[in-house]
Amino acid sequence: MTQTQDVHAIAAAAQRAVLAARAYQGATAPNPPVGCAILDSKGAVLAVAAHQKAGSAHAEALAIAACRAAGTYDQIDTFVVTLEPCNHHGRTAPCTDAILQTPARRVFIGARDPNPRVAGGGTARLRAAGLAVYDWQALGMAGTCTGIGADALIAPFRKRVLTGRPWITVKQVVDAGGSMIPPAGRKTFARQSSLELAHAMRRRAEVIVTGAGTVLADWPLFTVRHLADFPDHRRALVVLDRRGRVPTRYLTDAQTRGFDARIATDLAEALHDPRATEVLVEAGPILTDAVLQSALWDQHVLIRVGADADTITTTYREASHVAA
Ligand SMILES: NC(=O)C1=CN([C@@H]2O[C@H](COP(=O)(O)OP(=O)(O)OC[C@H]3O[C@@H](n4cnc5c(N)ncnc54)[C@H](OP(=O)(O)O)[C@@H]3O)[C@@H](O)[C@H]2O)C=CC1
Ligand SMILES: Nc1c(N[C@@H]2O[C@H](COP(=O)(O)O)[C@@H](O)[C@H]2O)[nH]c(=O)[nH]c1=O
């Protein structure tokens, strides 16, 4: 294999690892989503796996198990992991130990683990044992081939670990004229692909924050309907309603849909749920503008519904939160 072929094989594996992890964004909280691909010495993919739920097997362990099951364990050469492998005994054994038991020669890592219990320790342990450990960013591969980089994948986890606060995403759908108000008699106007994106954002969030105006206009369900939902996922719904206009029945209805629903009057308190990793603001123009004008948000996803296609623009309030 030439060096170019090798880099392409790693890049393709990195993309598959990121995509595998993305499928479980939100489901793994309070753990980060993590994906892992294992290659043989010719660059062929032997296994791809993702961490699915806190307390269950990590991505590396699942991928190694898949190689064992397929009879390819002895061919393991390269690990491509979205996050630095853990080096501590948490609810599962250290992934560094599992990797070191395999015949692997090298490990490619998408993002350093911000968890103070790991933070460089996993890489150091692998290197001390003689493995070559590389950073995707250093190879210039992060943005080029993964669509969403490994750093963006763990941005919510990083923020919660480093600040104790959740990652706050504001979703805003506008029509061609910039209005957020749907046509009379309708709650949404985005096309199917954008609704799937919007519902993927709902699925990830442990807390949805909305305003009294939206509740009174739409009586929104806030359920995940355009794609499969995660089981056993914490779901809270917080309505900002200073004037007490929202009927109690809205909260009891939401509770029957599985939400821990409540009214809040303070915006910062509603957004900074210490138990959450990801919070989604899904509100009308008044509250959306108020949040975007504050310093409380991290990511703004603007879905502009055009005549032929929807345009999606993602902005980060602080670019340093997510490396390119
Ligand atoms: N296109 C889209 O993405 C979306 C569109 N919508 C649409 O938006 C419309 C409703 O819009 P709107 O009335 O603006 O609804 P909002 O959901 O923005 O609710 C606004 C209300 O939130 C309350 N509120 C509480 N705290 C605050 C605060 N700190 N800052 C600002 N507001 C606060 C205010 O009521 P009070 O003073 O009583 O506290 C305010 O009137 C509906 O037609 C709905 O379909 C809704 C969601 C998404
Ligand atoms: N208009 C608009 C959205 N608006 C949001 O969707 C809510 C309705 O949700 P539900 O009751 O679960 O169907 C509505 O009250 C508002 O919060 N969402 C979108 O994905 N696309 C759209 O075009």
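Below, each value reflects all heavy atoms present in this structure, side chains not excepted, and no hydrogens, waters or symmetry copies. Counting convention: from 1, in listed order, for ligands and their atoms alike.
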Task: Verdict with reasoning, Ile168 to His272, per side chain to side chain contact (heavy atoms under 4.5 Å, CB included) - done: CA-CA 9 Å; Ile168 294 161; His272 288 159; 3.9 Å; yes
Open item on the list: Does the structure place the NZ or CZ of Arg202 under 6.0 Å from the centre of the six-membered ring of Phe222, at an angle of no more than 45° from the ring's axis?
Closed with: no
Is there any N or O on [X] that sits under 3.5 Å from an N or O of ligand 1?
X      : result
Gln172 : no
Ile181 : no
Val174 : no
Lys171 : no
Gly213 : yes

Give the numbers and elements of all ligand 1 atoms closer than 4.0 Å to a heavy atom of [X].
X      : result
Leu287 : 18 (O), 27 (C), 28 (C), 30 (N), 31 (C), 32 (N), 33 (C)
Pro182 : 43 (O), 45 (O)
Arg243 : 35 (O), 36 (P), 37 (O), 38 (O), 39 (O), 41 (O)
Asp241 : 39 (O)
Ala212 : 19 (O), 21 (C), 22 (O)

Using a 3.5 Å distance criterion without hydrogens, assess whether the side chain of [X] forms a donor-acceptor pair with backbone atoms of [Y].
X      : Y      : answer
Gln75  : Thr72  : no
Glu206 : Ala276 : no
Ser179 : Asp175 : no

Open item on the list: Under the criterion salt bridge (charged side-chain N to carboxylate O under 4.0 Å, His left out), I'd like the reasoning laid out for Lys171 against Glu282: C-alpha separation, chi angles, the key distance, then a yes or no.
Closed with: CA-CA 6 Å; Lys171 187 209 78 179; Glu282 188 164 347; 3.0 Å; yes
Return the closest protein heavy atom for [atom] as residue, atom name and distance.
atom                    : result
atom 33 (C) of ligand 1 : Arg242 NH2, 3.3 Å
atom 5 (C) of ligand 1  : Met180 O, 3.1 Å
atom 3 (O) of ligand 1  : Val173 N, 2.9 Å
atom 11 (O) of ligand 1 : Pro285 CD, 3.3 Å
atom 8 (O) of ligand 1  : Gly284 CA, 3.3 Å
atom 17 (O) of ligand 1 : Thr214 OG1, 2.6 Å
atom 41 (O) of ligand 1 : Arg245 NH2, 3.3 Å
atom 23 (C) of ligand 1 : Leu240 O, 3.5 Å

Open item on the list: I want to check something: taking the side chain as every heavy atom from C-beta on, are Asn87 and Pro85 in contact at a cut-off of under 4.5 Å?
Closed with: no
Task: Flag side-chain contact, heavy atom, 4.5 Å: Cys36 against Glu60 - done: yes
Checking contacts here: is it the side chain or the backbone of [X] that comes within 4.0 Å of ligand 1, counting heavy atoms only? Could be both or neither.
X      : value
Asp218 : side chain
Ala283 : both
Pro220 : neither
Ala290 : side chain

Task: Transitive ILVMFWY side-chain link Val291 to Val279, under 4.5 Å - done: yes
Task: salt bridge (charged side-chain N to carboxylate O under 4.0 Å, His left out) between Lys187 and Asp218, worked out - done: CA-CA 6 Å; Lys187 294 199 252 186; Asp218 293 347; over 6 Å; no
- [ ] Run through ligand 2 for me and note each protein residue having a heavy atom under 4.0 Å from it, chain first, then residue number.
- [x]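 Under the 4.0 Å cut-off, ligand 2 touches Lys171, Val173, Pro182, Lys187, Thr188, Phe189, Ala190, Leu195, Ala198, Arg202, Thr214, Asp218, Pro220, Leu221, Phe222, Arg225, Glu282.
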Open item on the list: Between Tyr73 and Leu46, does the side chain to side chain contact (heavy atoms under 4.5 Å, CB included) criterion hold? Intermediate values first, please.
Closed with: CA-CA 9 Å; Tyr73 185 88; Leu46 301 178; over 6 Å; no
- [ ] Pick out which of Asp229, Thr223, Asp260 makes a side-chain hydrogen bond (donor to acceptor under 3.5 Å, both in side chains) with Arg235.
- [x]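 Per the side-chain hydrogen bond (donor to acceptor under 3.5 Å, both in side chains) rule, the option paired with Arg235 is Asp229, out of Asp229, Thr223, Asp260.
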Open item on the list: Leu292 vs Gln172, test: side chain to side chain contact (heavy atoms under 4.5 Å, CB included). Steps then yes/no.
Closed with: CA-CA 11 Å; Leu292 291 176; Gln172 181 178 24; 4.0 Å; yes
- [ ] Go through the steps for Trp297 and Leu271 under the test side chain to side chain contact (heavy atoms under 4.5 Å, CB included), then give the verdict.
- [x] CA-CA 9 Å; Trp297 60 280; Leu271 295 173; over 6 Å; no
- [ ] Applying salt bridge (charged side-chain N to carboxylate O under 4.0 Å, His left out), run through Arg262 and Glu269 and close with a yes or a no.
- [x] CA-CA 12 Å; Arg262 69 182 177 94; Glu269 180 264 327; 3.2 Å; yes
Open item on the list: Below 30° counts as parallel, above 60° as perpendicular, anything between as tilted: where do the rings of His51 and His58 land?
Closed with: perpendicular
Open item on the list: Please tell me whether Arg106 and Thr78 have a donor and an acceptor in their side chains that are separated by less than 3.5 angstrom.
Closed with: yes
